[in-house]
Amino acid sequence: MLSNKRVQELELVMDFEKVEECFKEVSSWIENVGRKRLKETISTDDSLEMLVQVQKQFKEFDLIASEYCRRGQEALKKMDRWEDFSSVDVHPYRVKLQACRDQLEEFCTQLDESRHRISEMVRLYEFFDKVRQGICCMEEGVRS
């Protein structure tokens, strides 16, 4: 039984190396591209036209970022069975795995928040634009 358990642990270590290779690509993209692009979306201009342009650019980025998030989640999901192993030899790998999970979860959360914030800002700007147009029409009516 001990031998079987040890063989399973070694198989998990080999699996981890495959997952780690995949996740390195995802992690590298998050750090070198994803976070920078998310920071760029924080500062938005004062016009509806510029905000709609930012939203369009963000949607393109969001498609790519969502794909990286999906790939990272799939890679990490393969390692779910590690939860059953509590061996001291496996512990360092579990720590690395948790760090990967935390990084991915944080980025995906920031992506969702940015998506929601931009969408709400566009809706708010559109509302204010309609209000402004309505006020202009009323002012014209009062003048005539």
Side-chain angles (χ1 to χ4, degrees), residues 1-140:
M1 286 175 63
L2 286 174
S3 176
N4 285 344
K5 185 173 182 174
R6 187 68 179 152
V7 167
Q8 287 177 333
E9 288 175 356
L10 290 173
E11 288 173 352
L12 285 173
V13 169
M14 291 181 350
D15 288 347
F16 180 80
E17 290 173 358
K18 292 175 190 172
V19 167
E20 186 177 36
E21 194 61 38
C22 173
F23 198 80
K24 277 183 184 179
E25 180 185 343
V26 171
S27 178
S28 175
W29 185 89
I30 287 172
E31 292 305 319
N32 298 323
V33 178
R35 291 195 193 284
K36 290 177 185 177
R37 290 288 303 270
L38 282 179
K39 286 180 184 176
E40 290 172 6
T41 63
I42 290 174
S43 61
T44 54
D45 291 316
D46 291 336
S47 71
L48 177 59
E49 294 80 22
M50 290 301 291
L51 191 56
V52 168
Q53 182 65 28
V54 166
Q55 184 182 37
K56 181 181 176 186
Q57 292 170 352
F58 182 80
K59 284 182 179 180
E60 293 168 5
F61 163 73
D62 188 27
L63 288 173
I64 296 166
S66 294
E67 177 62 21
Y68 274 97
C69 288
R70 185 192 61 74
R71 286 174 48 199
Q73 289 166 345
E74 285 178 1
L76 293 175
K77 194 172 195 159
K78 292 176 184 176
M79 301 310 295
D80 281 348
R81 60 188 178 134
W82 275 56
E83 302 304 320
D84 299 338
F85 290 90
S86 58
S87 166
V88 174
D89 295 334
V90 176
H91 182 72
Y93 296 100
R94 292 179 75 187
V95 170
K96 285 182 182 181
L97 191 61
Q98 187 59 46
C100 293
R101 271 196 182 99
D102 292 345
Q103 179 192 30
L104 184 65
E105 186 176 305
E106 178 189 359
F107 178 76
C108 292
T109 299
Q110 289 174 348
L111 183 65
D112 289 341
E113 288 171 355
S114 293
R115 183 184 311 116
H116 179 72
R117 187 185 78 252
I118 290 172
S119 175
E120 288 299 309
M121 287 176 65
V122 167
R123 286 178 12 137
L124 186 62
Y125 273 64
E126 288 172 341
F127 172 75
F128 283 133
D129 196 45
K130 287 179 184 176
V131 169
R132 187 175 46 80
Q133 288 173 2
I135 289 172
C136 289
C137 289
M138 285 186 356
E139 286 176 350
E140 280 183 29

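Computation of the quantities below employed the complete heavy-atom set of this structure, encompassing side-chain atoms and omitting hydrogens, waters and symmetry-equivalent molecules. Residue numbers run from 1 in the order of the sequence given.
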Nearest 0.5 angstrom please: [X] [atom1] to [Y] [atom2], how far?
X    : Y    : atom1 : atom2 : value
L76  : C22  : CG    : SG    : 8.5 Å
D62  : R37  : CG    : CZ    : 10.5 Å
D15  : L10  : CG    : CG    : 11.0 Å
Q133 : C136 : CD    : SG    : 7.5 Å
M1   : S3   : CE    : OG    : 11.5 Å
L38  : F107 : CG    : CZ    : 4.5 Å

Between E31 and R35, is a salt bridge (charged side-chain N to carboxylate O under 4.0 Å, His left out) present by the stated rule, with each step listed?
-> CA-CA 6 Å; E31 292 305 319; R35 291 195 193 284; 3.0 Å; yes
The criterion is side-chain hydrogen bond (donor to acceptor under 3.5 Å, both in side chains); which residues satisfy it with [X], sequence neighbours excluded?
X    : value
S119 : none
N32  : S28
S27  : Q103
R71  : E25

Residues two or more places apart in sequence or in another chain: which of them pass salt bridge (Lys or Arg N to Asp or Glu O under 4.0 Å) with [X]?
X    : result
E139 : R143
E120 : R123
R132 : D129
E74  : R70

With sequence neighbours left out, what residues match Y68 under ring pair (Phe, Tyr, Trp, His ring centres under 6.0 Å)?
-> W29
Quick one: side-chain hydrogen bond (donor to acceptor under 3.5 Å, both in side chains) pairs with a partner in residues 48-59, sequence neighbours left out?
-> none
Minimum heavy-atom distance between I118 and V54, given as atom pair plus value | CD1-CG1, 4.3 Å
Quick one: list whatever passes side chain to side chain contact (heavy atoms under 4.5 Å, CB included) with E20, sequence neighbours left out.
-> F16, K24, K96
Set of side chain to side chain contact (heavy atoms under 4.5 Å, CB included) partners for V131, sequence neighbours left out | F127, I135
May I ask you to test the F23-L97 pair for a side-chain heavy-atom distance under 4.5 Å?
-> no
Are any of the side-chain heavy atoms of R115 and L111 separated by less than 4.5 Å?
-> yes
